[in-house]
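What you see is a predicted model, and the numbers here were worked out from it, not measured in a lab. Numbers restart at 1 for each chain; the letters A, B, ... are given by sequence-line order, proteins then strands.
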Amino acid sequence: MFEAEQKKVELQIQEFCKASGLPVCEVKWTWIPFNGQWGIATSFFQLAANSFGQTRGNVAQRANEIASAIADRLSDIGDFEKIEAVNGYLNLYFSTADYSRRVITQVLTEGDRYGHGSRLNQRLMVEFSHPNTHKAFHVGHLRSAFLGDVIARILEAAGYDVIRANYPGDIGLHVIKWLWNYLKYHKGEKPDKDITRWMGAIYAEAVKRLEQDPALEDEIREIYARWDRRDLEVVQCWEETRQWSLDGFKEMYDLLDIRFDRYYFNSMFEEPGKGIVDELLAKGIAEDERESGGAVIVKIDKKLGLKDEKFRVMVVLRSDGTALYATEDLALARQKFLDYPDLVKSYYVVDVRQSLHFQQVFKTLELAGYDWAQRCQHIPYELVNLPGNVVMASREGTVVLLEDLIREATARALDVVKEKNRDLAEENQLEIAKAVGIGAIKYPMLSRESNKVVTFDWETALDFNGQAAPYIQYAYVRANSILRKVDNVIPPENELDYELTGPEITLIDLISRLPEELQKAARDLKPLIITNQAYELARAFNDFYTQCPVLIAEEPQRSTRIRLVAAARQAIANSLATLGITAPQAM
RNA sequence: GCCCUCGUAGCUCAAUGGACAGAGCACCGGACUUCUAAUCCGAUGGUUGUGGGUUCGAAUCCCACCGAGGGCGCCA
């Protein structure tokens with residue numbers, strides 16, 4: 001946000017270096033990390049160390065000398081209120097009156113675009129969620145859905161054109177088992193509500209029946225054979241019931257405010273996948289071991305001439321000639337670039353257990369001569385486990401269903417809403433409860449590093465206090481509430497001729513950082529940066545709220561604070577929007 | 001056997017290689033006649049798993065070890 005000032009100082013520093021015979025190096029800016037001190041800082045340790053060359057010297061002392069000399073040189077620059085050299089750092093404090101006015105005005109002018117980067121005209125694809133049809137949707141599936149959605153939102157905010165892709169697993173052994181159980185015991189039945197739960201129950205029942213009587217496996221094989229020869233009854237049943245699952249997913253995605261631009265289905269890629277395998281064989285990349293009872297494989301390490309085992313061996317076709325997941329993934333990767341040849345990146349938000357798999361797929365495609373394979377990237381994330389490191393698995397029965405979590409979280413939120421907003425219409429109360437409940441579910445999945453395991457437990461998931469979405473939403477609501485009292489009439493920019501207090505400075509400081517944090521989050525693909533930023537903003541606002549009266553303040557303080565509240569509301573709203581968390585109107 | 005990830009306060013987690021390692025929860029003590037107390041203020045809490053190394057500077061990079069989890073030719 002302060003590029004112009006930074007640039008100006010950078011030039012001065014570089015000129016100073018030249019004049020003093022110091023090596024020129026890049027200037028990196030940070031925020032001054034002390035509370036209530038708003039400005040930018042840079043250190044000179046690297047420069048000081050470089051200046052010694054081969055000889056040794058006191059780096060800290062030298063860095064401080066350089067910082068002091070530069071501080072002297074900059075003293076007449078006029079952009080800053082205070083310039084100081086401390087401990088090897090050069091601290092440039094903003095003149096709060098001018099800079100505050102500038103920040104607030106910019107936020108209010110740009111509105112819900114504040115923080116967003118300008119359009120880059122670069123297209124990306126983010127594939128995420130990929131649920132299995134004919135199965136339940138549980139809490140373990142949420143991480144990919146939330147992470148993918150928010151990464152897409154962040155990249156959009158950073159200026160990219162993003163294609164949101166979903167890749168449902170709509171065929172496979174699990175679907176065949178489901179169809180068998182349905183055709184044999186539930187024929188003609190239809191789910192009315194809670195579709196996904198019902199679909200999951202039919203599957204769980206199938207698994208149970210097969211466990212109890214393994215002889216039934218023959219019937220499964222028969223259904224599989226009928227599916228293979230496109231038996232009309234099986235195919236029609238599959239088409240109809242698959243749609244039920246997709247309808248159920250759509251309901252959940254709508255509830256969670258997650259959308260997709262493009263659906264790829266697992267079932268679409270069997271044949272194209274086999275085509276790629278033929279191609280790999282023709283090019284001598286894959287080896288056919290079926291003669292000797294083996295499968296079709298790619299010995300990637302050998303092809304690359306690697307001595308160490310890194311990519312290992314990938315099976316691309318079963319010994320019976322049928323496709324497996326890897327076969328289909330080869331074709332899917334290609335299809336994405338056929339549909340969108342200009343993709344700069346093709347991201348896959350899939351759990352960490354598939355890291356090797358994706359390395360194999362991408363490397364094999366690269367070996368096959370597809371240069372776009374290098375634009376494919378797996379974004380791994382760790383699992384959501386139950387306490388005691390228990391993995392959620394439908395067949396083990398160790399799952400928490402998404403429907404149950406949402407219902408529980410919403411119900412708990414509704415209790416509080418009803419107590420605190422008695423006058424509100426029930427419809428509105430419910431809407432708020434949904435925003436709070438779902439926000440509370442999303443936040444903890446986004447606010448930790450994705451390579452860390454999330455342990456799900458009810459108590460934590462339903463804790464609305466502290467660093468959590470409701471805290472941030474509440475700050476938004478409080479800001480909103482003040483502005484409602486002035487009918488949302490925001491005074492025009494005015495002269496700031498009084499000393500800003502600590503909480504005001506901290507709040508403005510944090511508001512001004514949003515654009516940079518968004519860029520950082522996009523660069524590192526880390527929603528965590530935004531959850532932290534949103535929380536810090538909310539905390540600063542809550543602090544401001546208790547310490548700085550707005551409506552009863554004297555002018556010009558009153559007008560300035562109303563503008564600041566409006567800017568804070570906007571900044572909080574924009575960070576929540578980037579996180580896919582709804583900002584409610586009341587709480 | 002090989003490969004990947006993690007180890008920070010009692011618990012859950014933060015911290016572009018840089019200033020004093022910060023939050024929340026829990027616990028203890030305060031603050032609602034004042035814009036919504038789903039809030040705020042204060043107190044307590046640390047040899048960043050261990051040992052080396054690189055660097056002016058390491059929770060962060062490298063090596064070894066210990067501990068936890070995951071992956072490794074026909075599951076998805």
[X] and [Y]: aromatic ring centres closer than 6.0 Å?
| X | Y | result |
| --- | --- | --- |
| A:Y381 | A:F128 | no |
| A:Y471 | A:Y474 | no |
| A:H130 | A:Y167 | no |

When the [atom1] atoms of [N] and [M] are considered, how many whole Å apart are they?
| N | M | atom1 | value |
| --- | --- | --- | --- |
| B:rU55 | B:rA68 | P | 35 Å |
| B:rA64 | B:rU5 | P | 13 Å |
| B:rC56 | B:rA43 | C1' | 38 Å |
| B:rC2 | B:rC63 | P | 15 Å |
| B:rC62 | B:rC3 | P | 15 Å |
| B:rG7 | B:rU16 | P | 13 Å |
| B:rG49 | B:rA9 | C1' | 15 Å |
| B:rC25 | B:rA21 | P | 22 Å |

> Going from CG on A:L332 to CZ on A:F265, what distance comes out if it is rounded to the nearest 0.5 angstrom?
Replying inline: 12.0 Å
> Taking for each residue the nucleotide of RNA chain B bearing the nearest heavy atom, is the 5' side occupied by A:R448 or by A:P33?
Replying inline: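 By nearest-heavy-atom nucleotide position, the 5'-most residue is A:R448.
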> Taking the nucleotide of RNA chain B with the closest heavy atom to each, which residue, A:A323 or A:T30, is nearer the 5' end?
Replying inline: A:T30
> Can you list the steps and then say if A:F362 with A:Y348 is a ring pair (Phe, Tyr, Trp, His ring centres under 6.0 Å)?
Replying inline: CA-CA 11 Å; A:F362 301 153; A:Y348 293 70; 5.2 Å; yes
Just to be sure I understand the rule, does [X] reach a base, reach only the sugar-phosphate, or reach nothing, if contact means heavy atoms closer than 4.0 Å?
| X | result |
| --- | --- |
| A:G88 | nothing |
| A:A326 | nothing |
| A:M587 | base |
| A:E449 | sugar-phosphate |

Please work out which residues in [range] have a non-hydrogen atom less than 4.0 Å from an atom of RNA chain B and list them by number.
| range | result |
| --- | --- |
| residues 512-537 of chain A | A:L528, A:N532, A:Y535 |
| residues 450-464 of chain A | A:N451, A:K452, A:V453, A:F464 |
| residues 297-305 of chain A | none |

> If only atom types and distance count, is the side chain of A:Q61 paired as donor or acceptor with the main-chain N or O of A:G88 below 3.5 Å?
Replying inline: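 No: the side chain of A:Q61 does not pair with the backbone of A:G88.
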Nucleotide of [options] approaching [X] most closely (side-chain heavy atoms):
| X | options | answer |
| --- | --- | --- |
| A:K485 | B:rC35, B:rA19, B:rU16 | B:rC35 |
| A:N465 | B:rU39, B:rG24, B:rA19 | B:rU39 |
| A:L551 | B:rC35, B:rA68, B:rG70 | B:rC35 |
| A:N389 | B:rG69, B:rC40, B:rC72 | B:rG69 |
| A:L356 | B:rG73, B:rG71, B:rA76 | B:rG71 |
| A:Y471 | B:rC56, B:rC40, B:rG24 | B:rC40 |
| A:N542 | B:rU39, B:rA76, B:rC74 | B:rU39 |
| A:T546 | B:rC40, B:rA76, B:rG71 | B:rC40 |

>> Distance criterion of 3.5 Å, no angle test: do you see the side chain of A:Q547 paired donor-to-acceptor with the base of B:rC40?
In response: no
> For the side chain of A:S319 and the base of B:rC74, is some donor closer than 3.5 Å to an acceptor across the two?
Replying inline: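 Result: at least one qualifying N/O pair found.
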Between [X] and [N], is there a contact of a side-chain N or O with OP1 or OP2 at under 4.0 Å?
| X | N | value |
| --- | --- | --- |
| A:R312 | B:rG73 | no |
| A:R561 | B:rC35 | no |
| A:S481 | B:rU36 | yes |
| A:R318 | B:rA76 | yes |

>> Counting Watson-Crick and G-U wobble pairs with both distances under 3.5 Å, what is the dot-bracket string for RNA chain B, 5' to 3', using [ ] for crossing pairs and | for pairs to another strand?
In response: (((((((..((((....[...))))..((((.......))))......(((((..]....))))))))))))....
> What heavy-atom pair brings A:P168 and A:Y263 nearest, and what distance separates the two atoms?
Replying inline: CG-CD2, 3.7 Å
> Does the ring of A:F45 carry A:R62 above it, NZ/CZ under 6.0 angstrom from centre and within 45° of its axis?
Replying inline: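 Ring-cation test returns no.
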Within the 3.5 Å criterion, strictly below it, is a donor on [X] or [Y] matched to an acceptor on the partner's side chain?
| X | Y | answer |
| --- | --- | --- |
| A:E127 | A:N166 | no |
| A:T460 | A:D463 | no |
| A:N421 | A:Q429 | no |
| A:Q37 | A:W31 | no |

> Stepwise, does the side chain to side chain contact (heavy atoms under 4.5 Å, CB included) test hold for A:R312 with A:I300?
Replying inline: CA-CA 6 Å; A:R312 296 177 177 266; A:I300 307 175; over 6 Å; no
With a 3.5 Å cut-off and sequence neighbours excluded, list the donor-acceptor pairs that the side chains of residues 313-323 of chain A form with protein atoms.
| unit_1 | atom_1 | unit_2 | atom_2 | d |
| --- | --- | --- | --- | --- |
| A:R318 | NH1 | A:T322 | OG1 | 3.0 |
| A:R318 | NH1 | A:A323 | O | 3.0 |
| A:D320 | OD1 | A:T322 | N | 3.0 |
| A:D320 | OD1 | A:T322 | OG1 | 2.6 |

> Within this structure, what is the CZ-to-C1' distance between A:R143 and B:rG70, rounded to whole angstrom?
Replying inline: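 Rounded to the whole Å, the gap is 14 Å.
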>> In the structure I gave you, are the side-chain heavy atoms of A:V550 and A:Y545 within less than 4.5 Å of one another anywhere?
In response: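 Sidechains of A:Y545 and A:V550: no contact.
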Sequence neighbours excluded and cut-off under 3.5 Å, please list the side-chain donor-acceptor pairs for residues 383-392 of chain A, or say none.
| unit_1 | atom_1 | unit_2 | atom_2 | d |
| --- | --- | --- | --- | --- |
| A:N385 | ND2 | A:N389 | OD1 | 2.8 |

